[in-house]
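For reference, positions follow the sequence shown, starting with 1. Just so you know, these numbers use all the heavy atoms, side chains as well, and skip hydrogens, waters and symmetry mates.
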Amino acid sequence: MIGPHTHRGDVLRATTEEEYDVLVVEGERTAGAVTERLESADETFTLTEAVVHTADDVDDRVTDTECIVCGPTLGANGRSAVLSAVGCRDICRCPVVVVCETAQACESLLGRDVVTDCIPGSQLGQSPTLACRISTHIESYRTRQALANADRAKLQILETLREAVSQQEVGTAFCRLLVNAYGSQCAWIRTTQGRGELTRQWAAGDTGYVSDVLDADTRATEPSIRAFQTGDVTAFAPINGEDGGWQATAAEHGFGSAVGVPIAYQGTVFGALSVYDEMCSIPSGTRDFLSWFAQIVGYALRAAAWREAVLSAAPVAVEVELTDESVPLIDSLQGLPDETRLSVLSAIPREEAVLYVIELDEGPPDEALPRLERASEGVAVLTERPPRFEALFRQPTPETVLMTHGGQLVSVSVTPEAVVMTVAVRSEQRVEGLFDAFESEYDAVSIGAVWSRGTEEPTGYGDIAEALTHRQRQVLEFAYLNGYFDQPRRHNTTEIAKKLGLSRQTVSQHLRTAQRKLLRELLEPER
């Protein structure tokens, strides 16, 4: 299980353990002064002894410990071998404490970068002093490890967010991250997809367990369901196979512990993460780490769902009208002529805000711009003809409410009086739930026309674009709106990639593929 004392569990904070792992290096097997002092100290030390004379005597134990203590009988050759071995470590060198005969010898050794502390032999008899200094150095070492591993974890998660765009990619990538980078035996993500119960799933590691649990219908109290129902972290350690149900299945797969964590976005729980390990205990810090991890997953899944929604059609499309002036875009048009109207061409969630690309269909551009600046977090003019702006608005917005409840956005038209959204859902039964979601956030909501399967569906795209994937459509559309195809270009590939949160290589690849597909559909329709 992800926990302290390993890089997996130190991703958030250092933890204090009762035991300290110390390697005592001497020059004689009979020398045990340091070992005796540490064993008699109040602190509990896990001690390993090694005898070193030359570099040939240095083995892997010297570089696989939390602290190395060079005893007073260690000769100059042996000491140099130990210090060289520690100096070869690239990341988080463990502390090295040297016990010397005299204070003068300590002063010369402290000039070495590898030496953390030097204690004169005259102070060796002071057990509390020796033990206290060593434990202090180990705590500092653990803190450095925690910070370094936190940085590595953030880089891994950032890379996942950059590369994974669809919900399928996000869910699978984060499960694999827990298994491959943090050593979990099985990671399982489930979401509601707007149905009120956990249905959709992604898993990594021992996925056979997931299949067995679902097939046996033993999931009633499985950690992800408990976490989803309660909204709190649920932990089982040790797993007791005699209790039957999912625990019996987990025990058969060799799991000793499990943690379930709710996945939420803007206060709405829409899924759960469960993590299994062979350890029968849950180390300190695991719950905090997984809660933090689940927050990242929640944001990533909702962002991916929104991206898919912008460019996807569905069997049922609904017209939703909002007249609440708290809607950011309605507020931005207050004071303008009644005939003023703008359209949302694109919208991308960015942490606590939404980045809009909007076009002013009717109304005075010179009056609309200052009002957009007043109501938003920032505005940039993309083109003057037609008047297009890029504006950042704080969440929640109607688009994020829609995304949170599983809907898909087709189009948005805004006037000083109302926002009219065309929203796609998967079934007519979900229209009522979508209406409730908007009504809980805004004061004035009404449902207009509904398109169903068999009638014209407002996809926003012609047949020529059907060959494109969701990601290719999104990248192509956003690049077009940001002047990538203009002469001269108003934004290059690097700038487009930064706005979308993707790598430049990924954006370039999608643009080339999308253009090739569109040209083939246009020039070789028979294919």
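- L345 approaches R388 most closely through the heavy-atom pair CD1-NE, 3.6 Å.
- Listed here is the closest heavy atom pair of E390 and L355: CG-CD1, 3.5 Å.
- Between F255 and Y209, the ring planes lie perpendicular to each other; the angle is over 60°, past the 30° to 60° tilted range.
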Would E139 and Y20 satisfy side chain to side chain donor-acceptor pair (under 3.5 Å), going step by step from the backbone distance to the final call? CA-CA 9 Å; E139 289 298 334; Y20 297 108; 3.1 Å; yes
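- Between the side chains of T397 and Q395, no donor-acceptor pair of N or O atoms lies under 3.5 Å.
- T513 is not listed as a side-chain neighbour of H510, based on a closest heavy-atom distance of 4.5 Å or more.
- In terms of modelled atom types and a separation under 3.5 Å, the side chain of H491 and the main chain of Y484 share no donor-acceptor contact.
- Side-chain atoms of L322 and M421, non-hydrogen and from C-beta on, do get closer than 4.5 Å to each other.
- In this structure, the ring of F293 has its center less than 6.0 angstrom from the ring center of F174.
- Among all heavy-atom pairs drawn from L511 and A479, the shortest one is CD2-CB, 3.8 Å.
- In terms of heavy atoms, L481 sits closest to S346 at CD1-CB, 3.8 Å.
- When all heavy atoms of I239 and A251 are compared, the closest pair comes out as CG2-N, 4.4 Å.
- Looking only at side-chain heavy atoms (C-beta outward), V414 and V327 stay at 4.5 Å or farther from each other.
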Please walk me through it: do L329 and V344 pass side chain to side chain contact (heavy atoms under 4.5 Å, CB included)? CA-CA 10 Å; L329 286 177; V344 174; 3.6 Å; yes
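- You'll find the side chain of Q247 reaches within 4.5 Å of the side chain of N240, heavy atoms only.
- Considering only heavy atoms from C-beta on, C186 stays 4.5 Å or farther from V275 through its side chain.
- By the 4.5 Å heavy-atom criterion applied to side chains, R190 and F270 are not counted as neighbours.
- Remark: aromatic rings of Y182 and F289 are close, center separation under 6.0 Å.
- Listed for the E321 side chain is no donor-acceptor partner under 3.5 Å among the backbone atoms of V420.
- When all heavy atoms of I282 and A258 are compared, the closest pair comes out as CD1-O, 4.0 Å.
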Show your reasoning for whether side chain to side chain contact (heavy atoms under 4.5 Å, CB included) applies to T400 and V354. CA-CA 8 Å; T400 58; V354 176; 3.5 Å; yes
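- Side-chain N/O atoms of D324 and S326 include a donor and acceptor closer than 3.5 Å.
- For the pair E359 (side chain) and D361 (backbone), a donor-acceptor distance under 3.5 Å is absent.
- At distances below 3.5 Å, not a single donor-acceptor pair connects side-chain atoms of T207 with backbone N or O atoms of A203.
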Please assess V261 against S291 for the test side chain to side chain contact (heavy atoms under 4.5 Å, CB included), listing each intermediate value before the final yes or no. CA-CA 6 Å; V261 188; S291 295; 4.1 Å; yes
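- Counting non-hydrogen atoms of other residues, nucleotides and ligands closer than 6.0 Å to CD of Q505 gives a total above 12.
- Between P223 and F236 there is a side-chain heavy-atom pair separated by less than 4.5 Å.
- Distance alone, capped at 3.5 Å, is enough to place a donor-acceptor pair between the E66 side chain and the D21 backbone.
- Donor-acceptor pairing under 3.5 Å is lacking for the side chains of S413 and S343.
- Within the 3.5 Å criterion, the main-chain N or O of T494 finds a donor-acceptor partner in the side chain of N492.
- In this structure, T383 contributes its side chain and P386 its backbone to a donor-acceptor pair below 3.5 Å.
- Taking the side chain as every heavy atom from C-beta outward, R341 and T415 approach each other to under 4.5 Å.
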